[in-house]
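Position 1 is the first residue of the sequence; numbering continues from there.
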Amino acid sequence: MRRLLVGLTAGSVLAAVTACGSSDPGGKDTAGSSGEATTVKVGIVPVLDVAPVYLGEKQGFYADRGLELELVPAQGGAAIVPGVISGQFQFGFSNTTSLLVARSKNVPVKAVANGVASTGKDGADFAAITVGKGSPLTSAKQLEGKKAAVNTLNNICDTSIRESVRKDGGDPSKVEFVEMPFDRMPAALDGGQVDAACTPEPALATVKAAGGKEIASNFHDVSPDLTVAMYFTSEQFAGKNPDLVKKFQEATAESLKYADSHPEEVRQILTTYTKIPATLLERLTLPRYPAEPDRPSIERLAELGERDGLFEKAPDLDELLP
């Protein structure tokens, strides 16, 4: 049942591939061919991770290459993958585990640009397992028999939480995962609907401001240099639109570099697409936005996915990575 909730069954997603070209302008590359911008829809998760594309759009990095972005929020990468395959989006942003799950089911996704990475600092990462104010929980092992919130099931959140529990000497199979959007997690912790949550920024700062605390750096527990998420498209779209994909790659690479060197602008742009109060901006822990994915960390995620039964067969990383 949990696998069905991922929404990535091979039959349903692969059936959508036939529609993949439906949003392809004229079925071929047309970006800038008439001097007009080409609109591309990008499925994103409204968290700190995607600040670079918002900054890149503001700075004109995409417009300079004849692209106009339409950024469409979704709950998680598992929901964005079918949208990219069906042609609802030309590009998407997804956590790495959801892309590995898709690739293991022969869903033809292809990463085109890096997204976001762990800070490499245990206890000072941009995401953490958090508990609410007054919670008696102090370690990942204590999540045995407890409810932990994740934005979508069978993605990088529950994979990394399991690893934190495992490293702390606990049994990850005894954790119950509850699916909800990131922005609902702080209230769910306060109200006792869940015992813990996977909270990337800005949910992490919100939980701490309400008196909550972090009990483990789950992304760091997988790998200090974890590639948490990437931008991707479908193989069919990439095959028909190589120049457009290249323009998107170049603009995104420039956006990542800009975000890494302009942390205050990263904080400010977050207020334009999330509900974070301005008073919390300085409390945010910013991630890293490296130019390239870290393959060893992705290999580690694949190993954990196999161990936890997320894959029917091991995904081919050469087919996924750029």
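Residue-environment remark: NZ (Lys246) stays at or below the threshold of 12 foreign heavy atoms within 6.0 Å. Within 6.0 Å of NZ in Lys147 there are 12 or fewer heavy atoms belonging to other residues, nucleotides or ligands.
In this structure, Asp294 does not pair ionically with Arg288, as no charged nitrogen and carboxylate oxygen lie closer than 4.0 Å. Taking 4.0 Å as the cut-off between side-chain N and carboxylate O, Glu250 and Lys247 do not count as a salt-bridged pair. Under the 4.0 Å criterion applied to side-chain N and carboxylate O atoms, Glu235 and Arg103 are assigned as salt-bridge partners. For Glu254 and Lys257, the salt-bridge test fails: no basic side-chain N is under 4.0 Å from an acidic carboxylate O.
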For Phe237 and Leu244: C-alpha separation, side-chain torsions, deciding distance, then whether side chain to side chain contact (heavy atoms under 4.5 Å, CB included) applies. CA-CA 10 Å; Phe237 186 83; Leu244 190 153; 3.9 Å; yes

Decide yes or no on side chain to side chain contact (heavy atoms under 4.5 Å, CB included) for Val42 and Glu57, but give the supporting numbers first. CA-CA 12 Å; Val42 185; Glu57 182 182 38; over 6 Å; no

After noting the C-alpha distance and the side-chain angles of Phe91 and Val245, does the key distance pass the side chain to side chain contact (heavy atoms under 4.5 Å, CB included) rule? CA-CA 9 Å; Phe91 299 96; Val245 170; 4.1 Å; yes

Start with the C-alpha gap between Glu264 and Leu281, add the side-chain angles, then the distance that decides, and say whether side chain to side chain contact (heavy atoms under 4.5 Å, CB included) holds. CA-CA 9 Å; Glu264 290 310 308; Leu281 289 180; over 6 Å; no

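Applying the salt bridge (Lys or Arg N to Asp or Glu O under 4.0 Å) test to Glu299 and every residue at least two apart in sequence or in another chain returns Arg295. Applying the salt bridge (Lys or Arg N to Asp or Glu O under 4.0 Å) test to Glu265 and every residue at least two apart in sequence or in another chain returns nothing. Residues satisfying the side chain to side chain donor-acceptor pair (under 3.5 Å) test with Asp221, not counting sequence neighbours, are Ser164. Remark: Phe182 pairs with no residue by the ring-ring contact (aromatic ring centres under 6.0 Å, His included) rule, at least two apart or across chains.
Side chain of Ser86 to main chain of Gly83: a donor-acceptor pair is present (N/O by atom type, distance under 3.5 Å, no hydrogens or angles). In this structure a side-chain-to-backbone donor-acceptor pair under 3.5 Å is missing from Thr119 to Pro287. Side chain of Asn95 to backbone of Thr97: a donor-acceptor contact under 3.5 angstrom is found. The backbone N or O of Phe61 lies less than 3.5 Å from a partner atom in the side chain of Arg65, making a donor-acceptor pair. Although no hydrogens or angles enter the test, the distance criterion places a donor-acceptor pair under 3.5 Å between the side chain of Tyr273 and the main chain of Val47. Remark: the backbone N or O of Pro290 is paired with a side-chain donor or acceptor of Asn114 at under 3.5 angstrom. The closest donor-acceptor contact from the side chain of Asp158 to the backbone of Leu153 lies at 3.5 Å or more, if one exists at all. Looking at Gln142, its side chain does come within 3.5 Å of a backbone N or O of Thr138 through a donor-acceptor pair. Of the possible donor and acceptor atoms, none in the side chain of Lys146 sits under 3.5 Å from a partner among the backbone N and O of Glu176. A donor-acceptor pair under 3.5 Å is absent between the side-chain atoms of Ser98 and the main chain of Asn155, judged by distance alone.
At least one side-chain heavy atom of Val40 sits under 4.5 Å from a side-chain heavy atom of Leu69. Between Ile80 and Val45, some side-chain heavy-atom pair lies under the 4.5 Å cut-off. Contact of the Lys275 side chain with the Asp183 side chain is not registered, since no non-hydrogen atoms from C-beta on lie closer than 4.5 Å. The closest side-chain heavy-atom distance from Val109 to Val84 is not below 4.5 Å. Using a 4.5 Å cut-off on side-chain heavy atoms (C-beta onward), Ser255 and Val53 make no contact. By the 4.5 Å heavy-atom criterion applied to side chains, Asn106 and Lys313 are counted as neighbours. The closest side-chain heavy-atom distance from Thr199 to Glu214 is not below 4.5 Å. For the pair Val266/His262, no side-chain contact is recorded, criterion being any heavy-atom separation below 4.5 Å from C-beta on.
Interatomic distance, NZ of Lys208 versus CG of Leu284, reported as 10.0 Å (0.5 Å rounding). Between Tyr289 atom OH and Asp49 atom CG the span is 6.5 Å, to the nearest 0.5 Å. Summarising the geometry, atom OG1 belonging to Thr272 is positioned 4.0 Å from atom CD1 belonging to Ile269; distances are rounded to the nearest 0.5 Å. Separating the CG atom in Leu71 from the NZ atom in Lys41 is a distance of 12.0 Å, to the nearest 0.5 Å. The distance from the CD atom of Glu68 to the OG1 atom of Thr39 is 4.0 Å, given to the nearest 0.5 Å. Atom CD1 of residue Ile156 and atom SG of residue Cys198 lie 8.5 Å apart, to the nearest 0.5 angstrom.
There is no path of hydrophobic side-chain contacts, each under 4.5 Å, that joins Leu204 to Leu280. Linking Ile, Leu, Val, Met, Phe, Trp and Tyr residues whenever their side-chain heavy atoms come within less than 4.5 Å places Phe93 and Leu48 in a single cluster. Clustering ILVMFWY residues whenever any of their side-chain heavy atoms sit less than 4.5 angstrom apart, transitively, puts Leu256 in the very cluster that holds Tyr62.
Scanning both residues, Pro315 and Leu100, for their nearest heavy atoms gives CB-O, 3.6 Å. The minimum heavy-atom distance linking Ser217 with Gly123 is given by the pair OG-N, 2.7 Å. The nearest pair of heavy atoms linking Ala37 to Leu67 is CB-C, 4.5 Å. Contact between Ala113 and Thr252 at its shortest, heavy atoms only, is CB-CG2, 3.8 Å. Residues Leu143 and Val175 approach most closely at O-CG2, 3.7 Å, considering heavy atoms. When all heavy atoms of Ala127 and Pro200 are compared, the pair lying nearest together is CB-CA, 3.6 Å.
Ser297 and Asp225 share no side-chain donor-acceptor pair at under 3.5 Å.
Pairs passing the ring-ring contact (aromatic ring centres under 6.0 Å, His included) check and including a residue from residues 134-158, sequence neighbours excluded, do not occur. Among residue pairs with one or both ends in residues 115-152, those qualifying as ring-ring contact (aromatic ring centres under 6.0 Å, His included) are Phe126-Phe219; sequence neighbours excluded.
Of the options Val194, Asn151, Val150, a side-chain contact (heavy atoms from CB on, under 4.5 Å) to Met180 is made by Val194 and by none of the others.
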